[in-house]
Amino acid sequence: MKNMSEGMQAVAGSSLRKMIAAVTNNRIFATIVGVIVTCVVQSSSITTVMVVGFVNSGVMELSQAIGVIMGANIGTTITGWILVLKIGKYGLPVLGGAAFVYLFSRGERARYWAMAIMGVGMVFFGLELMKDACSIIKQLPDFEAWFKSFEADSYIGVLKCAFIGCVLTTLVQSSSATLGITISLASQGIITYETAAALVLGENIGTTITAFLASLGATTNARRAAYFHVIFNMFGVLWITAIFRYYIVLIKWLMVGDVDTELIVDGETTFPNRTAAIAATHTIFNVANVLLFLLFVPQFVRLLNWMVPSKDFKEKPRLTDLDIRLLETPLLAIEQSRREIERMADGCSKMLDWLAELIQQENPDKTLADRLRKREQVLDSIQDEIAVYVTNLLSSNLPHSVADEARRQLRMADEYESISDYIVNLDKFDRKLRRDGLRFSAAQIQDLVQLNQIAAEYLREVNEAFRQGNDNVILKTDAASKRVRTKIKMLRKSHLEELSGGEIPPLVSVAYLAALNAFARVRDHSQNIAESIPSE
């Protein structure tokens, strides 16, 4: 299941990112996105943990998350229908062929397709092994008698089976895996179809444990999203178990063949129609539950807000919105870290604007000066958090394109942090002169403000190219870069000529030349960022 999931995620790539980003408050659209994403990643647990992560980082609203979580419950039923395909005996050849492509293919996309197909082969080969192992149970009367004690022939029996399904899924942490085990037992005739159906219903509750665990220590909204997942599945199982007998009659009526038809293959008794019946039981229940809940999404948002009240203080434990829950899905994790680097870019632009104001003020605004220094410290901490997050991401199995982007992001975070350091240094030069009873001359202040303006314009162009992912960034920003360099050379030359007049105090001269050097470093780091933007 893990190989299938990782391979599908890598192949889906950017389209998965766009789909998550496109989720709106339209509950039907959010549900459809949840279905598609879960079909791709092959796990409702991954989708719901991902959603809890998005809500925790403020990227997704609670009402959007509810829609995606409901869709995830439908998407996870695809596993049952994959198992309906009668290709169990071809599991090993599929696994072998895909493994050959995975090991020897040079194309990355082909390797990840092979990885996904290899996962499918493993699932079917695994089920064949389980079927062979389960057949031995029939020869052990005590073991078979123990299984018979879990019969869904009464309401208590149904609840007991649902509870067992819930516990199994909680232990395995994958409803798809326990569904495979259930299908294996039912198709061998070890448990009845009714018992298998009740187990499957319980598995829907068991799968909520992953999102619940992911919400521990998360923000209020993230906990609300996880609690919704639990309520949604528990309520669904409660109403379906209440009409369980009629629901089973409906499924049997919908099925083409009789679920209790026996077939003897190679001396083994099997029930070939049960796999499709169990898959249908799973799907129809989840679709019906979603349709029922879709009508009451606003009411559930109000209920969750009441159940988990908001706190009076800012909840974010860290400066960034980076969430380790998203490391499970590298393509979305890299998007999160990219957003944080965009925040660093905006922070540096604002710092240059504040610096221009401070240089021109006769009596510097203390609040603005404190804000400038505070922003530099914030950018330091953001860089540290990005470094830890992206390094953890790089340690996992990544597509080449994601690993390349992660390395470029590490470099960019470092460059932006360096720019913020030089901007604070520029403010320090001015403050040191003021403490010594000196000031830059009016002409020097005007020159530094103009240089600041040109440098800020260059940085803004680079930031815009980064947001747009413009690979022609170096060509596009070359003119702005040259303007900064030319201006610095011109100012340095004219300053050195003025020194011969002997009218500039030495400390002012040193501070002015240091300021020009600092602007040169701002330009250099901006250019380094521009060079990091193109993917090639």
Side-chain angles (χ1 to χ4, degrees), residues 16-17 19-25 27 30-31 33-34 37-38 41 43-73 75-76 170 173 175 204-235 290 293 296-340 343 382 385-386 388-389 392-393:
L16 198 65
R17 282 158 106 166
M19 209 175 291
I20 291 284
V23 172
T24 63
N25 281 322
R27 61 191 94 161
T31 305
V33 168
V37 169
T38 308
V41 302
S43 168
S44 61
S45 295
I46 288 178
T47 306
T48 46
V49 167
M50 202 159 61
V51 166
V52 167
F54 280 137
V55 175
N56 190 52
S57 59
V59 174
M60 197 178 274
E61 294 293 323
L62 182 62
S63 54
Q64 296 172 316
I66 284 175
V68 177
I69 288 169
M70 289 195 295
N73 278 269
T76 195
T170 303
Q173 292 223 348
S175 58
N204 279 275
I205 298 175
T207 195
T208 63
I209 189 69
T210 317
F212 178 76
L213 291 173
S215 74
L216 299 176
T219 58
T220 299
N221 254 359
R223 295 208 323 275
R224 286 169 183 159
Y227 295 166
F228 171 77
H229 193 211
V230 177
I231 293 166
F232 173 77
N233 283 290
M234 286 192 79
F235 181 79
V290 167
F293 269 71
F296 305 105
V297 168
Q299 287 82 354
F300 270 103
V301 170
R302 284 200 292 275
L303 172 67
L304 291 162
N305 288 338
W306 172 78
M307 281 175 63
V308 190
S310 298
K311 292 177 181 172
D312 300 329
F313 54 89
K314 192 178 178 184
E315 291 186 79
K316 277 178 66 177
R318 292 169 292 110
L319 286 163
T320 63
D321 289 332
L322 298 171
D323 197 311
I324 56 165
R325 298 165 185 83
L326 295 179
L327 292 175
E328 286 288 314
T329 46
L331 290 147
L332 299 169
I334 202 76
E335 191 64 27
Q336 282 290 86
S337 51
R338 180 188 170 83
R339 284 171 185 258
E340 293 306 323
R343 272 181 66 200
I382 288 176
E385 289 181 23
I386 288 172
V388 170
Y389 186 78
N392 286 335
L393 183 62

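A quick note: this is a predicted structure, and the numbers were derived from the prediction, not measured. Start at 1 with the first residue, then count along the sequence.
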### Query
Can you tell if the side chain of M70 reaches within under 4.5 Å of the side chain of V297, non-hydrogen atoms only?
yes
### Message
Once rounded to the nearest 0.5 Å, what's the spacing between atom CZ of F293 and atom CG of N73?
### Response
10.0 Å
## Note on the structure
Heavy-atom closest pair (N204 atom, N233 atom, distance to 0.1 Å) is O-CG, 3.3 Å
### Message
Between F296 and F300, does the ring pair (Phe, Tyr, Trp, His ring centres under 6.0 Å) criterion hold? Intermediate values first, please.
### Response
CA-CA 6 Å; F296 305 105; F300 270 103; 7.3 Å; no
### Task
Look up atom OG1 in T208 and atom CE in M234, then write down how far apart they are to the nearest 0.5 Å.
8.0 Å
### Query
Going by heavy atoms in the side chains, are R223 and T220 under 4.5 Å from each other?
yes
### Query
Between V51 and H229, is any pair of side-chain heavy atoms under 4.5 Å apart?
no
### Task
Give, for atom OG of S63 and atom CG of N221, the distance between the pair rounded to the nearest 0.5 Å.
9.5 Å
### Heavy-atom side-chain proximity of T48 to T207 below 4.5 angstrom
no
### Query
How long is the gap from CZ on R339 to CD on E335, to the nearest 0.5 Å?
6.0 Å
### Summary
Rounded to the nearest 0.5 angstrom, the CG-CD1 distance for L393 and I334 is 5.0 Å
### Task
Check whether the side chains of N305 and R302 place a donor and an acceptor atom closer than 3.5 Å, and report yes or no.
no
### Message
Using side-chain heavy atoms (C-beta onward) and a distance below 4.5 Å, is R224 in contact with I66?
### Response
no
### Task
Answer yes or no: is there a side-chain heavy-atom contact under 4.5 Å between Q336 and Y389?
yes
## Note on the structure
Taking every heavy atom of E340 against every heavy atom of I382, the minimum-distance pair comes out as O-CG2, 4.5 Å
### Query
Under 4.5 Å between any side-chain heavy atoms of F228 and V301, yes or no?
no
### Task
Tell me, with the steps shown, if V290 and T31 meet side-chain contact (heavy atoms from CB on, under 4.5 Å).
CA-CA 9 Å; V290 167; T31 305; 3.9 Å; yes
